[in-house]
There are 2 protein chains.
Amino acid sequence: MARINGVSGDRTSERLISSMKQLLWERGYSATSPAAVQRLAKAGQGSMYHHFHSKARLALAAEQRMGEELKREVAERFTAASTTYEKIEAYLAPDEHVIRGCRLGRLIQDEEVAFNDELREPIAETYAWIQAQIVRVLTEGVTCGELSPDIDVDSLAVSILAIRQGAHVLARLRGSQEPFRQAGRGIAQLLALASPRNDSTQAAPASLAD
Amino acid sequence: MARINGVSGDRTSERLISSMKQLLWERGYSATSPAAVQRLAKAGQGSMYHHFHSKARLALAAEQRMGEELKREVAERFTAASTTYEKIEAYLAPDEHVIRGCRLGRLIQDEEVAFNDELREPIAETYAWIQAQIVRVLTEGVTCGELSPDIDVDSLAVSILAIRQGAHVLARLRGSQEPFRQAGRGIAQLLALASPRNDSTQAAPASLAD
DNA sequence: GTCTATATGATGATAGAC
DNA sequence: GTCTATCATCATATAGAC
């Protein structure tokens, strides 16, 4: 398969999508110009506007690809781990890309994306899917007796989703994967206390246990 | 005090800083044009470049203000609450602004900010300060017997910092404060288990307890 | 499918009058 | 301190030849 600038694909439209994906991750939507995408894809102006009606349509195609890729990566992390604890640890583990920030989460900060239903939708759909997967993993953990049945898995799933999202921001700010490792350790030590073995017979403090 | 467009301050330089603050929060750095700041501040082009050498210098002044404000708000949340649990709950509680995203965290996604030491510094300094405050609160919680001495407060602090950061992204994505409330509940229920009263005599699972 | 030419407006300033 | 004029460059296309 042909490879230009690290962007693979023989067809021009594929190279345009790959290039847009890369630039959306690096710069976001507003800051990515059609000219920059064309340069990276080695495609002309006319070529881009032949395959895609507008910058927005090309970005939409790129977002859909990024969503699919992100879901596949998350699914792989969950299936590769065996216990509930390990699955959550795997979900929160950093990779070499986290310093760049989250490829999808960063886009929602962009006003042009946030206020455009078409451009916001693939992001919302992907996060909803990931959140549902975390809920599924935690629910299985309760079923298998790895987590206490008292745990509210829905709110815990949002916490875990938020931690990974927030860790991306901190990692980019510090230029280091360390915030990921710390945030992962921080939640993991609490999760260990949520094992049925650690259950207290006493009620939790009223102000927090709901 | 004079008030123009909700931007207070009699002096032109103050109105410019307030306007830049507002636009940085709404649009980020790259997407905020000097012309937009001038319009909002009711100041002319020459006026802006008289008070500030460049867009970057004005943005730097605005960032420093935002950092001070954010630190003051966090400090108020911590001092207004009494127990450790309540302080953490207060830190994670949403306000009417969270749907817009985090005023400082959003800026680090901007390449012009991330790769400019001057523009990145006030953000890094503010986050470091907030993280240190969370560590202090948690450490006091251990000292007062509200948290188990086994808790690693440093990593837990990063988790809590990341949760608030990530919840901002989810809140903006959904257009709702709900992710904040869910993420807060999710971590609060685990924190309740970290009370010494809930300590198990058994060791936690080796894979997570470190 | 790809190319070049052209269009319209915004960007981020600088210069110098008042 | 504030104003207007000017400038080179970029953004996001459209039109029509090849």
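Each chain gets a letter, A, B and so on, in the order its sequence line appears, and its residues count up from 1.
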- Please check if any side-chain donor atom of A/Thr84 sits under 3.5 Å from a side-chain acceptor atom of A/Glu146, or the reverse.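 A donor-acceptor contact under 3.5 Å links the two side chains.
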- Query: Side chains of B/Arg136 and B/Gln133: do they bring a donor and an acceptor to under 3.5 Å?
  - Reply: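 Distance-only check passes for B/Arg136 and B/Gln133.
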Return the value, rounded to whole Å, for the distance between atom [atom1] of [X] and atom [atom2] of [N].
| X | N | atom1 | atom2 | value |
| --- | --- | --- | --- | --- |
| B/His53 | C/dA13 | NE2 | C1' | 10 Å |
| B/Lys55 | C/dT14 | NZ | P | 14 Å |
| A/Gln38 | D/dC10 | CD | P | 14 Å |
| A/Arg57 | D/dA13 | CZ | C1' | 15 Å |
| A/Phe52 | D/dT14 | CZ | P | 16 Å |
| B/Leu58 | C/dT11 | CG | P | 15 Å |
| A/Tyr49 | C/dA7 | OH | P | 17 Å |
| B/Arg39 | C/dG12 | CZ | P | 12 Å |

- Item | B/Tyr91 six-ring face occupied by B/Arg164 cation (under 6.0 Å, within 45°) |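 Yes, a cation-pi geometry.
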Side-chain donor-acceptor distances from residues 57-65 of chain B under 3.5 Å, at least two apart:
residue : atom : partner : partner atom : Å
B/Arg65 : NH1  : B/Glu14 : OE1          : 3.3
B/Arg65 : NH2  : B/Glu14 : OE1          : 3.1
B/Arg65 : NH2  : B/Glu14 : OE2          : 2.9

- Which residues satisfy the salt bridge (Lys or Arg N to Asp or Glu O under 4.0 Å) test with B/Arg120, sequence neighbours excluded?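 Only B/Asp117 meet the salt bridge (Lys or Arg N to Asp or Glu O under 4.0 Å) criterion with B/Arg120.
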Dump every N/O contact between nucleotides 2-4 of chain D and the protein below 3.5 Å, one line per pair.
residue : atom : partner : partner atom : Å
D/dT2   : OP1  : B/Thr12 : OG1          : 2.9
D/dT2   : OP2  : B/Ser47 : OG           : 2.8
D/dT2   : OP2  : B/His51 : NE2          : 2.7
D/dT2   : O5'  : B/Ser47 : OG           : 3.1
D/dC3   : OP2  : B/Gly44 : N            : 3.2

